[in-house]
Amino acid sequence: MSDSRICIALDFQTKDEVLEFLDKFKDEKLFVKVGMELFYGEGIEMIKLIKERGHKIFLDLKLHDIPNTVKSAMKQLAKLDVDMVNVHASGSIAMMKAAIDGLNEGCKGDKRPLCIAVTCLTSLDQEVLDDELLIHEELSDVVLQWAQNAKEAGLDGVVCSPLESMVIHENVGKDFLTVTPGIRLASDSVNDQKRVTTPAMAKDLTSDYIVVGRTITRASNPVETYKEVYRQFQGEYK
């Protein structure tokens, strides 16, 4: 679906696995996420192959470094013609502003990729914040503050749990995008994520985009599973 707000996480290691998966969808134009595992294994060539098939790409590398390094890296990523990139919100407002500057300098046309900031990973919970990271604020308050920082830096939205999407929209703005992983169908295992919801719940919680990986990629029938996720999140599949 060209209007799909469902981002399929391509949790594969090789080009052949990716192409075999994409072939199942025939002429369908998807929105897919290429993360570290795949990008570090197959590199820029993988991005080119996916774009040649007409799919949109969220390049999920979660940049986090000093501002100048992030700016330079984003300038390079902008040349890949991907549709969305991200940074860690914990890297500071200055770093996030540098990311936008790099994208603007590096993009070929007038439109740069969407840039979003990762707040608290869905594998984290309050216990980890308190005991390991020594962040003693409420997790929900940390996520909201980092979202506000991202807005101030000029980013387009954040990666967050669906459970935090509504409060972000209420406090940061309805047009500020929430991209939400941790999505499972009711019958699935939650695996290593702790803050999860179904697609239908994510819709009710105002998520703008959902990221769905193993639920689709490891399904016995990925196409039908994708359609079910679509129906739950976006309505009738056309």
Side-chain angles (χ1 to χ4, degrees), residues 7 9-11 13 32-48 50-51 56-109 111-125 128-129 131-137 139 141-161 164 168 172 176-182 192-193 195 209 211 213:
C7 185
L10 298 177
D11 297 323
Q13 293 189 336
V32 299
K33 181 174 80 72
V34 174
M36 298 178 192
E37 177 182 16
L38 181 58
F39 188 77
Y40 294 158
E42 295 289 351
I44 292 173
E45 186 62 28
M46 188 75 260
I47 301 298
K48 293 178 180 178
I50 295 171
K51 291 300 290 186
K56 292 183 177 180
I57 297 177
F58 169 19
L59 184 55
D60 177 25
L61 300 182
K62 301 182 180 72
L63 301 191
H64 189 170
D65 212 309
I66 63 172
N68 189 61
T69 297
V70 169
K71 178 181 177 180
S72 298
M74 282 298 188
K75 188 174 180 180
Q76 295 297 325
L77 295 184
K79 299 174 183 178
L80 301 182
D81 193 32
V82 295
D83 302 276
M84 184 183 288
V85 293
N86 62 356
V87 298
H88 269 291
S90 58
S92 80
I93 293 173
M95 188 205 76
M96 290 187 281
K97 286 182 176 179
I100 296 295
D101 290 342
L103 289 174
N104 285 331
E105 289 184 18
C107 64
K108 299 175 182 177
K111 187 178 180 181
R112 63 164 174 79
L114 292 171
C115 186
I116 58 177
V118 177
T119 55
C120 285
L121 298 169
T122 53
S123 59
L124 302 182
D125 57 15
V128 173
L129 290 187
D131 296 345
E132 297 181 26
L133 303 181
L134 302 184
I135 298 174
H136 301 304
E137 303 295 331
L139 187 148
D141 292 338
V142 173
V143 169
L144 179 57
Q145 179 62 52
W146 287 356
Q148 290 169 330
N149 290 349
K151 175 75 170 182
E152 182 177 341
L155 271 65
D156 303 291
V158 290
V159 179
C160 63
S161 163
E164 293 128 14
I168 288 172
V172 186
F176 191 68
L177 300 176
T178 56
V179 180
T180 61
D192 57 349
Q193 296 185 330
R195 297 174 357 258
Y209 293 85
V211 180

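Contact between A153 and I100 at its shortest, heavy atoms only, is O-CG1, 4.1 Å. M96 and A117 make their closest contact through SD-CB, 3.8 Å (heavy atoms, listed as atom of the first residue, atom of the second, distance).
A distance of 8.5 Å separates CG of D131 from NE2 of H136, quoted to the nearest 0.5 Å. Atoms CD1 and OH, from I116 and Y209 in turn, are 9.5 Å apart once rounded to the nearest 0.5 Å. Between the NZ atom of K33 and the CG atom of L59 there is a distance of 9.5 Å, given to the nearest 0.5 Å. To the nearest 0.5 Å, atom CG of residue L103 and atom CD of residue Q76 are 11.5 Å apart. Atom OG1 of residue T69 and atom NE2 of residue H64 lie 11.5 Å apart, to the nearest 0.5 angstrom.
At least one side-chain heavy atom of L155 sits less than 4.5 Å from a side-chain heavy atom of V87. Looking at heavy atoms from C-beta onward, V128 lies in side-chain contact with D125 at the 4.5 angstrom threshold. You'll find the side chain of K56 stays beyond 4.5 Å of the side chain of M84, heavy atoms only. Counting only heavy atoms from C-beta outward, the side chains of L77 and L63 approach each other to under 4.5 Å. Within the 4.5 Å cutoff, the side chain of L124 has no heavy atoms near those of the E132 side chain. Looking only at side-chain heavy atoms (C-beta outward), C7 and V32 stay at 4.5 Å or farther from each other. The closest side-chain heavy-atom distance from W146 to V118 is not below 4.5 Å. Here the side chains of V179 and V211 are in contact, with some heavy-atom distance below 4.5 Å.
Looking at K71 and D101, no side-chain N of the basic residue comes within less than 4.0 Å of a carboxylate O on the acidic one, giving no salt bridge.
In this structure a side-chain-to-backbone donor-acceptor pair under 3.5 Å is present from N86 to K62. The closest donor-acceptor contact from the side chain of D83 to the backbone of F58 lies at 3.5 Å or more, if one exists at all. Between the T119 side chain and the V159 main chain, a donor and an acceptor come within less than 3.5 Å of each other.
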Next on the checklist: Let's go through D156 and R112 carefully: what are the C-alpha distance in whole Å and the side-chain angles of both, what is the deciding distance for side-chain contact (heavy atoms from CB on, under 4.5 Å) to 0.1 Å, and is it a yes or a no?
Outcome noted: CA-CA 11 Å; D156 303 291; R112 63 164 174 79; 2.8 Å; yes
Item to check | Chi angles and distances behind the side-chain contact (heavy atoms from CB on, under 4.5 Å) call for E164, L139 | outcome: CA-CA 10 Å; E164 293 128 14; L139 187 148; 3.2 Å; yes
Next on the checklist: Pair D60, F39 - check side-chain contact (heavy atoms from CB on, under 4.5 Å), show working.
Outcome noted: CA-CA 9 Å; D60 177 25; F39 188 77; over 6 Å; no
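For Q145 and D141, the side-chain atoms include no donor-acceptor pair closer than 3.5 Å.
Judged as a salt bridge (Lys or Arg N to Asp or Glu O under 4.0 Å), and not counting sequence neighbours, K48 has no contacts.
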